[in-house]
Number of protein chains: 2
Amino acid sequence: MATFPTPGTPVRGSRSGKPIMALFDLLGRSWCLGVLWTLCKAGPCTFRDLQTRCESISPTVLNARLKELREAVLVEHAEGGYQATATGHQLFVLLEPLGKWSNSWSKQITGRDWRG
Amino acid sequence: MATFPTPGTPVRGSRSGKPIMALFDLLGRSWCLGVLWTLCKAGPCTFRDLQTRCESISPTVLNARLKELREAVLVEHAEGGYQATATGHQLFVLLEPLGKWSNSWSKQITGRDWRG
DNA sequence: CTCATTGCTACGTATAATGTAGCATTTTTT
DNA sequence: AAAAAATGCTACATTATACGTAGCAATGAG
């Protein structure tokens, strides 16, 4: 069995000084990219919404990621729930192409379309 | 002190079925993005090269990430060392804009330029 | 007042990352 | 060719993270 997450499997973080490496460290924590992606796609979410949308995330980790994302100014806690900041959306715009790309990547690795 | 990695601090992963989430799970492991980035920027590297360039990565984790990245067909082990595959470079092209963005993000958060 | 929902916190267990040591193999130096 | 240095890892103990379940205080609905 694969030791990396084929679509339908598990993951893990890092350390440095350069901005890009600091960003990678942040994004390289469990669920970080998933939470940001979800917030940008779905719009404002309550804590419970996020728990539901991210399926198996534990409240402990969700709370930790939200705190980090808030400190990183990528997410904010407004009335109506958590939402991505302008900065967070900027980042999302850069990440968005990964959505399509991941489908072809998935196909290359698994030999089939996701739900195809 | 911040609980997220301001440029010059530490990081962490996740779980799902959709390709984008699987990709996030992979990229969300410690050092994964950093290793891929390094290989694409620096070209083929030996194990030792990567250890040096990624400063504090432990050989145990480096070995694990390389194995996962190989299974994900993003990296390959050729004569001359490890290098990104065509697929890996495709992904890098999508990630590359994060380099510049991270500098402005860093400035926004820390209030100063990186080494400015 | 009661019950359901929300937003977490606590806590014990399991998994992953760190850091140092060291060994087998290949390469370099003399 | 022998000795020394560099390379590519593996082992192992320690520490840090994540998981998963339980549950509590606060808010809102009935």
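Just the heavy atoms: all of them, side chains too, but no hydrogens, waters or symmetry mates, feed the values below. Naming: A, B, ... by sequence-line order, numbering from 1 per chain.
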Trainee: Calculate the interatomic distance between Lys67(B) atom NZ and dA17(C) atom C1'; express it in whole Å.
Mentor: 17 Å
Trainee: Any idea which heavy atoms bring Leu36(A) and Leu74(A) closest together, and the distance?
Mentor: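 That closest heavy-atom pairing would be CD1-O, 4.2 Å.
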Trainee: Does Arg48(B) make a side-chain N or O approach to OP1 or OP2 of dC9(D) shorter than 4.0 Å?
Mentor: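 For Arg48(B), the contact criterion (side-chain N or O under 4.0 Å from OP1 or OP2 of dC9(D)) is not met.
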Trainee: Round to the nearest Å and state the distance from Arg65(A) atom CZ to dC19(D) atom C1'.
Mentor: 12 Å
Trainee: Which one, dA22(D), dA18(D), dT20(C), comes nearest to the side chain of Pro59(B)?
Mentor: dT20(C)
Trainee: Could you tell me the separation between the CZ atom of Arg70(A) and the C1' atom of dC8(C), rounded to a whole number of Å?
Mentor: 11 Å
Trainee: Distance check: side-chain N/O of Thr46(A) vs OP1/OP2 of dG7(C), anything under 4.0 Å?
Mentor: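 For dG7(C), OP1 or OP2 has a side-chain N or O of Thr46(A) closer than 4.0 Å.
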Trainee: Measure CD1/Ile57(A) against P/dT15(C) and give the value in whole Å, please.
Mentor: 18 Å
Trainee: Say whether Ser106(A) and Asn103(A), considering side chains only, have a donor N or O and an acceptor N or O under 3.5 Å apart.
Mentor: no
Trainee: Which label fits Trp101(A) and Trp105(A): parallel for a plane angle under 30°, tilted from 30 to 60°, or perpendicular past 60°?
Mentor: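 Ring orientation, 0 to 90° scale: parallel.
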Trainee: Whole angstroms only, please: what is the CD-P distance between Gln51(A) and dC8(C)?
Mentor: 10 Å
Trainee: Provide, to the nearest angstrom, the distance between the CG atom belonging to Asp49(B) and the P atom belonging to dT7(D).
Mentor: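 Atom CG in Asp49(B) sits about 8 Å away from atom P in dT7(D).
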Trainee: Taking OP1 and OP2 of dT7(D), is either one under 4.0 Å from a side-chain nitrogen or oxygen of Tyr82(B)?
Mentor: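 No, Tyr82(B) has no side-chain N/O under 4.0 Å of OP1/OP2 on dT7(D).
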Trainee: Quick one: pull up CG in Asn63(B) and CG in Leu50(B) and give me the separation to the nearest 0.5 Å.
Mentor: 11.5 Å
Trainee: For the residue pair Tyr82(B) and Phe47(B), categorise the inter-ring angle as parallel (less than 30°), tilted (30 to 60°) or perpendicular (more than 60°).
Mentor: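 Ring orientation, 0 to 90° scale: tilted.
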Trainee: What's the closest nucleotide to the Thr60(B) side chain, out of dC8(C), dG19(C), dC19(D)?
Mentor: dG19(C)
Trainee: Just how far, in rounded Å, is C1' of dG20(D) from CG of Leu62(A)?
Mentor: 14 Å
Trainee: Please report the distance, rounded to the nearest Å, between CZ in Phe47(A) and C1' in dA25(D).
Mentor: 15 Å
Trainee: How would you label the contact of Val61(A) with the nucleic acid (heavy atoms, under 4.0 Å): base, sugar-phosphate, or nothing?
Mentor: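 Sugar-phosphate contact only - Val61(A) comes under 4.0 Å of backbone atoms but never of a base.
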Trainee: OP1, OP2 of dG8(D) versus side-chain N and O of Asn63(B): anything below 4.0 Å?
Mentor: no
